[in-house]
Peer 1: 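Take this structure, written in structure tokens, and hold onto it; I'll ask about it next.
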Amino acid sequence: MKKIIFTVIVAVFVVGLSSCRNDFEFSQSTGNLGFSQDTIFLDTVFTTIGSSTRTFKVYNRSSDDIVIPRVALARGTESRYRLAVDGKPGQIFENVELLAKDSMYVFIETTLDINDFSAGDEFLYEDKIEFDSGANLQSVQLVTLVKDAIFLFSEREDEEIEERLPIGVDEEGNELSISGFFLEDSELNLTNEKPYVIYGFAAIPPNRTLTIDAGARLFFHANSGIIAANEASLKINGALSTTDAMENEVILEGDRLEPRFNDVAGQWFGIWLTAGSKNHELAYTTIKNASIGILMDSQSPSSIGATLKLSNSKVFNSSNVGLLATTANVVATNSIFHNAGQSAVVARLGGTYTFNNCTITNYWRLGSRRDPSLSISNTIPNSGLREPLVQALFTNCIIYGDRDIELVLTPVEGEVFNYNFENTLLKFDDRFNQLTTDPLYNFSNTDRYRDLVLNQSPLFESPNQNLLRIDNASGANGIGNPLTITVNDIVGKLRDATLPDAGAFESIDLEIN
């Protein structure tokens, strides 16, 4: 009992001391606040889609506890911005207290509808946060660019039921499905008039073709993509651009527009070309920050012509694989497959593949990578499946990366495994001599390898920034075959007729020391 009485007495004594302090006698703000930023850019947002939340700090650098009479948006309650000051939401705040040598956070976000303004397809919306008034007035500017867009999503009659697309059955015969919707006939031609924002998988119906015009921009929400159904086709008709704005390129990426998401892999799924879809053509197309840039399911390797034809295209920064093709028929020219969490290109379970003047590289920086830039097989490990590798022909290519060995061949005995590499720069540094006796990698075998250059640096401009132009001193310089090269490189530069370069780019002087 004595202990309890003592505790109560101590508590009363402490409270008594506290009541005598004058630390919390607040002075009026004198307009000397500090701010971590004087202008807040909320980045570009699509109309009706909420922005990310931005923050900044307000500092009281004086030795006095102060009260700020008023913190408010200049537009008041009519503002399209939303605030939280020191954890409290609102648009107008009065008598905000800030201790000496202390700071507080201000959070800002917005949702804007461009239809509320008469400014065309883009509108710059501005406001400011005002601190105090009169002679003590200070402010922080707020700026947001809002873009008009066309939204493609499932239009369900019943909001409680999610529209789903069948994608097959599991081992027990149960139907598998994903969230998505079939495009209407009126949606099968995507133009460059406005960007498109896609929620879920936009499916090309059977026996239909989705055509995407030059200069189109497609932005995908998380877990979204394009899927081609049976007998469906995808035609992306990008064209050569003449400026850094890539005005004629078709670009597919995630819908997060903040700069910090520029190179975040796995923001959306990718393009899924299902078994039975056909005659896909992608020209001057950039696919970036997907999980799998292009997923191509078991096509017939005996089909006439290319089931997938890629030209002057780029697949960047895929969290898993850039191009994952299974029993596929692929022709790729002047194209780049760069940076993936696993491999830049995987050709598995046989098929027919022709790559000419392509750059296949991996300098993945977001974790450890065990897989090579290029993986080729006529099986799927542990599946028991096997199909003939009718052809895997790589001419005038660069196959490189930051691992010692950037090519892995995985054949299964008793099945056709036909591969050839010609006039190609290859990273294959078997420094521990583990594969020196493996006939798959006998680079002196001219039936498989001709005019190969091993382990010489391609001298890329900046692979970590997806800049893969090569210097005049590159190991790929002048090693191409004049009889098989593309006439122009990926940016339209005329190739040297006698000593052309390997890879998607013809070399230039990058002034590399």
Peer 1: Output all residues satisfying side-chain contact (heavy atoms from CB on, under 4.5 Å) with Pro259, sequence neighbours left out; order by chain, then residue number.
Peer 2: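 Testing Pro259 for side-chain contact (heavy atoms from CB on, under 4.5 Å), a comparison that skips the adjacent residues, returns Asp43, Asn262.
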Peer 1: Only one of Lys493, Arg469, Arg495 passes salt bridge (Lys or Arg N to Asp or Glu O under 4.0 Å) with Glu506; say which it is.
Peer 2: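 Checked Lys493, Arg469, Arg495 against Glu506; only one passes salt bridge (Lys or Arg N to Asp or Glu O under 4.0 Å): Arg495.
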Peer 1: Determine which pairs satisfy salt bridge (charged side-chain N to carboxylate O under 4.0 Å, His left out) with at least one residue from residues 189-214, sequence neighbours left out, and list them in order.
Peer 2: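 Pairs touching residues 189-214 that pass the test: Asp148-Lys194, Asp185-Arg208.
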Peer 1: Identify the two heavy atoms, one from Ala332 and one from Phe337, that lie closest to each other, and give their separation to 0.1 Å.
Peer 2: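 It is CB-CZ, 4.3 Å.
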Peer 1: Would you mind listing every salt bridge (charged side-chain N to carboxylate O under 4.0 Å, His left out) that reaches into residues 444-459, with sequence neighbours excluded?
Peer 2: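 Listed by first then second residue: nothing to list.
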Peer 1: Ignoring hydrogens and angles, state whether a donor on the side chain of Ser444 or Asn442 is under 3.5 Å from an acceptor on the partner side chain.
Peer 2: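 Asn442 and Ser444 do have a side-chain donor-acceptor pair below 3.5 Å.
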Peer 1: Quick one about Asn472 and Ser507 (side-chain donor to acceptor, distance below 3.5 Å, no hydrogens or angles considered), yes or no?
Peer 2: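 Note: Ser507 and Asn472 side chains meet the donor-acceptor criterion.
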Peer 1: Is a side-chain donor or acceptor of Ser383 paired with a backbone partner of Pro381 at a separation under 3.5 angstrom?
Peer 2: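 A pair under 3.5 Å: no.
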Peer 1: Under the side-chain hydrogen bond (donor to acceptor under 3.5 Å, both in side chains) rule, what pairs show up with a residue in residues 241-250, not counting sequence neighbours?
Peer 2: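 Pairs touching residues 241-250 that pass the test: Thr242-Glu247, Thr243-Glu247, Glu249-Thr286.
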Peer 1: Considering only residues two or more places apart or on different chains, which pairs with a residue in residues 391-402 satisfy side-chain hydrogen bond (donor to acceptor under 3.5 Å, both in side chains)?
Peer 2: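 Counting only pairs at least two positions apart or across chains, the side-chain hydrogen bond (donor to acceptor under 3.5 Å, both in side chains) contacts touching residues 391-402 are Thr354-Gln391, Asn356-Thr395, Asn356-Asn396, Arg365-Asp402, Arg369-Asp402, Asn396-Thr484.
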Peer 1: Between the side chains of Thr111 and Arg82, does any donor sit under 3.5 Å from an acceptor?
Peer 2: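 Result is yes, a qualifying pair exists.
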Peer 1: Side chain of Asn378, backbone of Arg386: donor and acceptor closer than 3.5 Å?
Peer 2: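 No.
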Peer 1: Tell me the salt bridge (charged side-chain N to carboxylate O under 4.0 Å, His left out) pairs involving residues 482-491, sequence neighbours left out?
Peer 2: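 Applying salt bridge (charged side-chain N to carboxylate O under 4.0 Å, His left out) to every pair that reaches into residues 482-491, excluding sequence neighbours, yields nothing.
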Peer 1: Main chain of Ser311, side chain of Thr333: is a donor-acceptor contact present, judged purely on distance under 3.5 Å?
Peer 2: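 Looks like no, no N/O pair under 3.5 Å.
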Peer 1: Keeping the roles fixed (side chain from Ser335, backbone from Cys358), state whether a donor-acceptor pair exists under 3.5 Å.
Peer 2: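 No, Ser335 side chain to Cys358 backbone: no donor-acceptor pair under 3.5 Å.
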Peer 1: Without hydrogens or angle criteria, can the side chains of Asn312 and Asn334 be said to hold a donor-acceptor pair below 3.5 Å?
Peer 2: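 Asn334 and Asn312 do have a side-chain donor-acceptor pair below 3.5 Å.
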Peer 1: Taking Phe220's backbone N and O only, do any of them form a donor-acceptor pair with Tyr196's side chain (distance below 3.5 Å, no angle check)?
Peer 2: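 Such a contact is absent between Tyr196 side chain and Phe220 backbone.
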Peer 1: Quick check for you: to the nearest 0.5 Å, what is the distance between Ser233 atom OG and Leu273 atom CG?
Peer 2: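 Here the rounded value is 9.5 Å.
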Peer 1: Just checking Phe428 against Tyr449, ring centres under 6.0 Å apart?
Peer 2: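 No.
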Peer 1: Check for a donor-acceptor pair, side chain of Ser377 on one end and backbone N or O of Thr379 on the other, with a separation under 3.5 Å.
Peer 2: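 Yes, Ser377 side chain to Thr379 backbone: donor-acceptor pair under 3.5 Å.
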Peer 1: Just by distance, do the side chain of Arg217 and the backbone of Glu253 share a donor-acceptor pair under 3.5 Å?
Peer 2: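 Not at all, since once roles are kept as given, no pair shorter than 3.5 Å links the two residues.
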Peer 1: I'd like to know if the side chain of Trp268 reaches the main chain of Lys288, judged simply by a donor and an acceptor atom lying under 3.5 Å from each other, with no hydrogens or angles considered.
Peer 2: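 Pair found, side chain donor or acceptor close to backbone of Lys288.
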